[in-house]
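These numbers come from the heavy atoms of this one structure, side chains and all, not from hydrogens, waters or symmetry mates. Values in this document were obtained by computation on a predicted structure and should not be read as measured data.
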Amino acid sequence: MHHRNRITLLQIIFPLKALLGRLSVFLMVLAAILVIFLSRTNPNLTSAIRAKITDITVPVQNSLSLPLDFFSNLRQEVTDITSVYKENRKLKKENASLKKTQEISLVLANENQSLRKLLNFTAEPGIKYITGRIAGESAGPYIRSAFFTEGEKAGIRKGLIVINEDGVVGRIMEVGTNTSRVLLITDINSRIPVVTGEANELAIAVGNNGPLLQLLYLPEGSKIKIGEEVYTSGDGQFFPPGLLIGYIESINDKSVIVRPAVDWGRLVYVSVVDYGAAVAPVK
């Protein structure tokens, strides 16, 4: 509404100014003729009249120019504010785009680092590695698993061990033509024979569908310490010995808790390992 009123007022004032300009020219011409006529008859009177005319016309012209200058400046300020607003919106979009690009770059950098570590892993003779991606996880009250992007076509079989650059991830539990499902070591059905690194004590690492593991069947008077590494022991022939499971996180009278070596929040690339006759096949 204010914008419409401002435009209407400008539409009235600008033509008025033009009209007054033409009228002023006419009056000035008329006055000039009168002054020329009077200057020949009475020079002093001519000078006095010219001064009076100037005293009258200059304030009038100045008064008329004030509102025009005000609205002209106002229009320029509105134009400047609009330009600043548009520029601000443009900069916000560019900033959001740059943040998104930075986030994508960080994700790709982390994935690239993970993949490089896997590719630089030295394979033992007679052991086959199939590297791929974890495409997502499935968590519920009775199962904790993840989906692997390779299946039977790539040589994946049920029971093969899944690792990444940090440690043991789990085992293949279901195999499709092009994908497979991994039972994670934190699943409630996961039972892994393990041995502690320093105390060299045997136990069973059990999942609970959470982020951590629990050690069961430790010997009485156990001497394990917080921070001690936990490895697969090779008992039962489901896992070969020496694979890193995690680290002792807490010890109390009721339980010993192990934090997995694998960072579940950054789990992207993994390798499915075929140890051949070193482990028992799963039927």
Any chance you could lay out the side chain to side chain contact (heavy atoms under 4.5 Å, CB included) test for Val268 and Ile134, step after step, and finish with the verdict? CA-CA 5 Å; Val268 180; Ile134 293 295; over 6 Å; no
Please determine, by modelled atom types, if Ser255 and Gln214 share a side-chain donor-acceptor pair under 3.5 angstrom. no
If we only count heavy atoms from C-beta on, is the Val162 to Val273 side-chain gap below 4.5 Å? no
Donor-acceptor pair, Ser190 side chain versus Ile185 backbone, under 3.5 Å? yes
Listed by chain and number, what are the side-chain hydrogen bond (donor to acceptor under 3.5 Å, both in side chains) partners of Glu150, not counting sequence neighbours? none
Do Leu244 and Glu229 come close enough that some side-chain heavy atom pair is under 4.5 Å? yes
Within the 4.5 Å heavy-atom criterion, are Phe239 and Ile161 side-chain neighbours or not? yes
Whether the side chain of Thr232 engages the backbone of Pro240 through a donor-acceptor N/O pair (distance < 3.5 Å, no angle test) should be reported. yes
Determine which pairs satisfy salt bridge (charged side-chain N to carboxylate O under 4.0 Å, His left out) with at least one residue from residues 191-214, sequence neighbours left out, and list them in order. none
Sequence neighbours excluded, every pair satisfying salt bridge (charged side-chain N to carboxylate O under 4.0 Å, His left out) that has a member inside residues 246-262: Glu249-Arg259
To the nearest 0.5 Å, how far apart are CD1 in Ile130 and OG in Ser271? 9.0 Å
Please report the shortest heavy-atom distance between Val169 and Asn164, naming the atom on each side. CG2-N, 3.8 Å
Do Val230 and Ile224 come within less than 4.5 Å of each other through their side chains, counting heavy atoms only? no
Which residues, ordered by chain and number, are linked to Ile257 in its hydrophobic cluster, where ILVMFWY side chains connect at heavy-atom gaps below 4.5 Å, directly or through other members? Leu212
How far does CD1 of Ile163 sit from OG1 of Thr131, to the nearest 0.5 angstrom? 8.5 Å
Quick one: are Tyr231 and Ile245 in side-chain contact, heavy atoms under 4.5 Å? no
Listed once per pair and sorted, the salt bridge (charged side-chain N to carboxylate O under 4.0 Å, His left out) pairs that draw on residues 176-186, sequence neighbours left out: Glu174-Arg181
Just how far is it from atom CZ of Arg89 to atom CD of Glu87, taken to the nearest 0.5 Å? 12.5 Å
Looking at OG of Ser222 and OH of Tyr217, how far apart are the two atoms once the value is rounded to the nearest 0.5 Å? 15.5 Å
Is there a side chain to side chain contact (heavy atoms under 4.5 Å, CB included) between Tyr129 and Val272 once you walk through the steps? CA-CA 6 Å; Tyr129 295 85; Val272 177; over 6 Å; no
Of all the heavy-atom pairs spanning Trp264 and Thr186, show the shortest one and how long it is. CZ2-CG2, 3.8 Å
Would you kindly confirm whether Ile204 and Leu184 end up in one hydrophobic cluster when ILVMFWY residues are joined by side chain heavy atoms under 4.5 Å apart? no
With the 4.5 Å side-chain cut-off for hydrophobic clustering, are Val206 and Met173 part of the same group? no
Consider only side-chain N and O atoms of Arg133 and Thr149, and report whether a donor and an acceptor are under 3.5 Å apart. no
What one should report as the nearest heavy-atom pair of Glu152 and Val175 is N-CG1, 3.6 Å
Can you find a pair of side-chain heavy atoms, one from Pro260 and one from Leu213, that are under 4.5 Å apart? yes
Heavy-atom closest contact (Ala203 atom, Leu218 atom, distance): CB-CD2, 3.6 Å
Could you go through Ile172 and Ile156, starting from their C-alpha distance and side-chain angles, then the distance that decides it, and tell me whether this counts as side chain to side chain contact (heavy atoms under 4.5 Å, CB included)? CA-CA 8 Å; Ile172 298 295; Ile156 303 298; 4.0 Å; yes
Using only atom types and a distance under 3.5 Å, with no angle test, would you say the side chain of Asn209 pairs donor to acceptor with the backbone of Ile188? yes
Mind checking side-chain contact (heavy atoms from CB on, under 4.5 Å) for Asp235 and listing every partner two or more places apart, or none if nothing turns up? Pro193, Leu202, Ser233
Give the minimum heavy-atom separation between Ala205 and Val194, together with the two atoms involved. CB-CG1, 3.8 Å
List the steps and the verdict of side chain to side chain contact (heavy atoms under 4.5 Å, CB included) for Val258 and Tyr247. CA-CA 5 Å; Val258 176; Tyr247 307 90; 5.7 Å; no
Glu165 side, atom CD; Asp263 side, atom CG - distance, nearest 0.5 Å: 9.5 Å
Applying the 4.5 Å side-chain criterion to the ILVMFWY set and letting contacts propagate, would Phe238 and Val270 be lumped into a single cluster? yes
Measure the spacing between CZ of Arg144 and CG of Asn208 and express it to the nearest 0.5 Å. 9.5 Å
Please name the pair of heavy atoms, one in Gly155 and one in Leu160, separated by the smallest distance, quoted to 0.1 Å. O-CD1, 4.1 Å
